Amino acid sequence: MLSEPRSGRLAAWGNALLAGLVSPDDAALAIVGEDTVHRVDGLPGEAAPVGLTLALGRLRALGVTGLRVALPAPGHPLGLSGPPEFNTRALDAGEAVVCHGAAFGLVPEAYEAGPEGDVHAEVVWRVLPVREAPPADVPSLGEAERELAEALREATEVLSKLDVAGSGPVAEAAIDAYRARAERGREVLAPGYPPRAVRVLELAQRVGLLVSLAYGNGHGAAVSSAEMRARSEALRPVERTARRAQVAAYNAYVEERERGGR
């Protein structure tokens, strides 16, 4: 949850491109991020993988008017609508993009390349058919914001009780890094998104940071297996809420279009 999912970058900047708010080259550069290259495989009419710029243009020609994000986890098909093959691939990847306006979905597959000491990521997006149906368990922005506020309180209480609420040099370094990124003014979402979506995504990332610290900071005060299990059970719904809010924020562009807001 600390880093933006690749599906989030593709959906956000793909939506900005579809809205005519950014150029194809700028959208592709933002989507690739720190990776080396992204290609799209399985597009109708293309026998081989193609670059992002061509792929986004082709998707628009095929009728795609917006892009949604799915962030599924075992037992929680968040943002998915089927069919089973697509859901399975998305679950394996932990993320996917679902097209609006045409029945396609894209699942990222990342590969490491390069010599030791200079390893980089190359990504292939697999295009698959999807079922045109409402995505599973995605809240509205308003619902997500209310749920996150409660989840942030719960996470803070749980971590404080378990003695993992940001104590120690590792936790402090993670918090400092989070603040530094925010202070650099990084663009949380692409142009065209409502301010509320930006606010919800930032809060979801903060809640995700707290959850990550809890899982990554040893056992804290949870010294017994029962206490460790209790911590996981307490944090699981908090993490679930943060993922739901993240999806709601990325999908706000499409939801507004469906409501006639654009």
Side-chain angles (χ1 to χ4, degrees), residues 1-35 37-40 51-60 64-72 78-80 90 93-102 104-108 110 121 123 125 127 130 135 138-141 144-145 148 178 181-182 184-209 242-259 261-262:
M1 293 276 307
L2 293 183
S3 60
E4 188 176 27
R6 291 184 173 98
S7 57
R9 295 201 304 269
L10 176 58
W13 289 92
N15 284 330
L17 175 62
L18 291 170
L21 299 175
V22 297
S23 70
D25 288 342
D26 286 345
L29 185 63
I31 292 167
V32 171
E34 296 181 359
D35 299 330
V37 65
H38 283 214
R39 297 184 179 87
V40 181
L52 277 173
T53 302
L54 176 59
L56 290 169
R58 180 61 53 84
L59 287 172
R60 177 161 48 191
V64 174
T65 58
L67 301 170
R68 286 189 172 106
V69 168
L71 296 177
L78 176 61
L80 299 177
E95 60 179 311
V97 170
V98 180
C99 298
H100 179 68
F104 300 110
L106 299 91
V107 179
V123 178
W125 293 89
V127 179
V130 298
V138 178
S140 68
L141 273 177
E145 194 167 30
L148 274 173
Y178 174 86
R181 291 197 324 178
R184 284 201 302 269
R186 68 184 178 88
E187 198 159 14
V188 178
L189 282 169
Y193 275 82
R196 192 175 201 177
V198 176
R199 187 167 66 245
V200 166
L201 183 57
E202 287 178 327
L203 186 54
Q205 290 172 340
R206 178 168 176 77
V207 172
L209 173 67
R243 280 192 300 108
R244 292 179 77 238
Q246 211 175 9
V247 171
Y250 286 123
N251 293 3
Y253 172 86
V254 174
E255 304 311 324
E256 285 207 348
R257 285 184 62 91
E258 288 189 330
R259 289 197 303 268
R262 291 183 181 273

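Residue numbers count from 1 along this sequence. These figures come from a predicted structure and were not determined experimentally.
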Of all the heavy-atom pairs spanning [X] and [Y], show the shortest one and how long it is.
| X | Y | answer |
| --- | --- | --- |
| Ala252 | Leu141 | CB-CD1, 3.7 Å |
| Gly208 | Ala242 | N-CB, 4.4 Å |
| Ala96 | Ala90 | CB-CB, 3.7 Å |
| Ala93 | Pro108 | CB-O, 3.7 Å |
| Leu189 | Ala249 | CD1-O, 4.2 Å |
| Ala245 | Leu148 | CB-CD1, 3.3 Å |

Hey, are the side chains of [X] and [Y] touching, using non-hydrogen atoms and a 4.5 Å cut-off?
| X | Y | value |
| --- | --- | --- |
| Val138 | Leu78 | yes |
| Val254 | Leu67 | no |
| Asp35 | Arg9 | yes |
| Pro191 | Trp13 | yes |
| Val130 | Cys99 | no |
| Arg68 | Val97 | no |
| Pro135 | Val98 | no |
| Leu56 | Pro24 | no |

Hey, could you give me the [atom1]/[atom2] distance between [X] and [Y], rounded to the nearest 0.5 Å?
| X | Y | atom1 | atom2 | value |
| --- | --- | --- | --- | --- |
| Gln205 | Glu202 | CD | CD | 7.0 Å |
| Trp125 | Ile31 | CH2 | CD1 | 8.0 Å |
| Leu21 | Asp26 | CG | CG | 12.0 Å |

Practice task
Take Val69 and Asn251 through the side-chain contact (heavy atoms from CB on, under 4.5 Å) test and state the conclusion after the steps.
Solution key: CA-CA 6 Å; Val69 168; Asn251 293 3; 3.7 Å; yes

Practice task
For Asn15, enumerate each residue passing the side-chain hydrogen bond (donor to acceptor under 3.5 Å, both in side chains) test, keeping only those at least two apart in sequence or located in another chain.
Solution key: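 For Asn15 the side-chain hydrogen bond (donor to acceptor under 3.5 Å, both in side chains) partners, ignoring immediate neighbours, are Tyr193.
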
Practice task
Go through the structure and list residues passing side-chain contact (heavy atoms from CB on, under 4.5 Å) with Leu54, not counting sequence neighbours.
Solution key: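 Partners of Leu54 under the side-chain contact (heavy atoms from CB on, under 4.5 Å) test: Glu46, Val50, Arg58.
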
Practice task
Answer yes or no: is there an ion pair linking Glu95 with Arg6, defined by an N-O contact shorter than 4.0 Å?
Solution key: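 No, no charged N to carboxylate O under 4.0 Å.
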
Exercise for the section: Check the pair Arg39 / Val123 against side-chain contact (heavy atoms from CB on, under 4.5 Å), numbers first and verdict last. Expected result: CA-CA 6 Å; Arg39 297 184 179 87; Val123 178; over 6 Å; no

Handout entry: Side chain Thr65, main chain His100, donor-acceptor under 3.5 Å
Key =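 At least one qualifying donor-acceptor pair exists.
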
